[in-house]
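Single-structure report; data block below.
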Amino acid sequence: MSALTASAAWTALASHRAIHASRHLRELFQGDPARFPRLCASACGLLLDYSRNAITDETLALLMALARQQGVEAQREAMFAGAPINHTEGRAVLHCALRAPASASLVLDGHDVMPGVRAVLARMEAFSAAVRTGRLRGHRGAAFTDVVNIGIGGSDLGPLMVVEALRHYADGPRVHFVSNVDDAHLAQTLRGLDPATTLFIVASKTFTTLETMTNAASARRWLLQALGDEAAVASHFVALSTNLAATAAFGIAAERVFAFWDWVGGRYSLWSAIGLSISLAVGFERFEQLLAGAHAMDRHFREAPLERNLPVLMGLIGLWHVSFCGYHSHAVLPYDQYLHRFPAFLQQLDMESNGKRTDRHGNPVDYATGPVLWGEPGTNGQHAFFQLLHQGTTVVPADFIACAQGLHGLPDHHRLLLANCLAQSRALAFGKTLEEARAEAARGAPGVDLAPYRSFPGNRPSNTLILDRLTPERLGALVALYEHKVFVQAAVWNINAFDQWGVELGKALATPIAAALEGTPLPPGTDAATAGLVAHLRALQAGPG
């Protein structure tokens with residue numbers, strides 16, 4: 001038994017769960033008319049309703065005690081102060097500095113990092129304006145109509161999600177994203193684009209990421225085949241990197257390279273130069289609004305008491321579900337089409353951060369950590385996987401996200417969207433009893449009692465997040481809310497949310513396999529399945545005879 005699971009706060013929660021596991025949300029609401037207003041909290045233009053989770057005031061008090069036992073407040077201060085909380089890599093975690101106001105100061109290793117942050121932002125602003133106004137043009141003198149961001153992981157998921165979420169505000173060049181090394185992704189993206197009016201952003205801190213550099217090299221060949229001049233690369237490529245030697249060798253001028261720092265983790269990097277594609281799509285002023293919304297949530301997270309703190313509440317309730325209730329899956333259900341990539345972005349943020357089995361002391365954990373996170377926009381998901389959410393044997397907690405106001409002046413559409421959001425969360429919480437199903441007297445096939453098929457167990461937990469309107473500022477606050485939620489859970493679980501060693505092994509193994517697919521012998525000790533599949537693939541690639 002670990003120190004955490006043997007601790008007083010943990011054992012108190014485990015005992016509490018055992019006693020109250022059978023309590024239904026129907027019972028909790030019927031016995032407490034003030035439950036909804038009491039179990040709601042607001043900040044930064046977001047309302048969080050967490051009343052539809054099977055928790056009581058006692059549950060929350062015990063969760064707060066666990067957070068304080070685990071030093072969540074102290075760990076939070078350490079992050080904001082620039083302590084090297086990413087202990088396995090010896091790094092500070094300062095993505096919050098990227099959205100701090102111009103007057104802020106943050107000293108790391110004896111140097112204030114904020115002048116450097118502001119300098120990069122100023123360069124992003126100038127470059128974005130030059131491209132968007134047509135002052136900066138391609139090799140043949142044409143203005144840029146399209147931008148292709150080439151990256152993977154945090155260099156793709158974050159900016160892609162934001163560009164999609166803010167598409168209503170897009171008034172610059174069309175922005176496309178290529179991440180997959182599958183040639184179909186690059187080929188389909190380039191199809192129909194004009195090389196003379198296409199700008200490429202290569203996003204790789206080291207400028208060595210295999211997938212990104214493979215795609216970048218192919219994009220470079222595509223450009224040169226059309227324009228026929230090596231000098232065109234300097235006019236049509238930008239790098240988001242710290243490896244100036246590699247970017248220069250590629251043909252990118254130093255003034256077209258935008259840096260960021262090792263204290264910016266990939267999945268937290270959209271606020272940095274990685275967000276250049278966002279600034280190009282919607283303008284730097286709106287990018288600044290995005291940063292301002294995130295900073296507002298940073299302040300709320302740092303200053304609000306734990307009991308009214310949105311990231312703390314969401315983090316602890318999610319931890320309750322995973323570690324004490326045994327709910328190992330979590331659905332994010334945005335009832336807003338613009339947020340259709342938000343669940344995919346959160347998959348990396350949450351699962352790469354908290355998908356850990358080793359604590360900060362190098363010991364294996366004996367408790368469940370991060371859940372499997374997934375989702376799709378409503379109402380599409382209702383016609384896909386909601387059957388399992390409502391009547392399946394697996395309980396899946398969910399976050400419903402909705403905006404009070406639509407963006408397109410179609411009130412009937414938006415009213416129906418919101419009605420579905422509220423109806424689904426209500427149905428998940430309260431269900432339908434067998435008696436209620438029988439009272440409906442629904443007709444089925446002759447001799448079939450439909451009531452068992454039409455009853456719903458309910459008691460399926462969910463949060464509901466309401467934004468007034470999907471603006472850059474509100475989106476920034478929403479993203480920062482989930483960032484800090486993940487931090488809270490990692491702090492309690494005593495794991496490092498800011499490394500990702502789990503992605504390394506497969507990447508290392510891919511290199512010799514790629515060579516083997518070209519004919520190089522596999523390393524000694526390669527398993528029979530891998531060897532057999534390589535042989536089969538080579539035979540298929542060779543073709544008949």
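Any value given below was found using the heavy atoms of this structure, including those in side chains, with hydrogens, waters and symmetry copies removed.
In this structure, L465 and Y482 have side chains that are in contact, with non-hydrogen atoms separated by less than 4.5 Å. Taking the side chain as every heavy atom from C-beta outward, P311 and M314 never approach each other to under 4.5 Å. Two residues are said to be in side-chain contact when any heavy atoms from C-beta on lie closer than 4.5 Å; Q424 and L333 fail this criterion. Counting only heavy atoms from C-beta outward, the side chains of L98 and W261 approach each other to under 4.5 Å.
At most 12 non-hydrogen atoms from other residues, nucleotides or ligands lie less than 6.0 angstrom from CZ of R341.
Partner of S218 under the side-chain contact (heavy atoms from CB on, under 4.5 Å) criterion, chosen from V178, L186, V181, I150: L186.
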Return a table of donor-acceptor pairs under 3.5 angstrom between the side chains of residues 500-510 and protein atoms on other chains or two or more places apart.
from, atom 1, to, atom 2, distance (Å)
Q500, OE1, R267, NH1, 2.5
Q500, OE1, R267, NH2, 3.3
W501, NE1, T88, OG1, 3.3
W501, NE1, D499, OD2, 3.1

For residues 223-231, dump all side-chain donor-acceptor pairs below 3.5 Å to protein atoms at least two apart in sequence or in another chain.
from, atom 1, to, atom 2, distance (Å)
D229, OD1, A231, N, 3.0
D229, OD2, H139, NE2, 3.1
E230, OE1, R220, NH2, 2.9

Where do D298 and F80 land on the side chain to side chain contact (heavy atoms under 4.5 Å, CB included) test, with the steps shown first? CA-CA 9 Å; D298 293 341; F80 280 102; 4.1 Å; yes

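Q188 and R191 form a side-chain donor-acceptor contact under 3.5 Å, judged by distance and modelled atom types alone.
Sorted by first and then second residue, the ring-ring contact (aromatic ring centres under 6.0 Å, His included) pairs involving residues 150-192 (not counting sequence neighbours) are H168-H408.
Between the side chain of D112 and the main chain of L106, a donor-acceptor pair closer than 3.5 Å is present.
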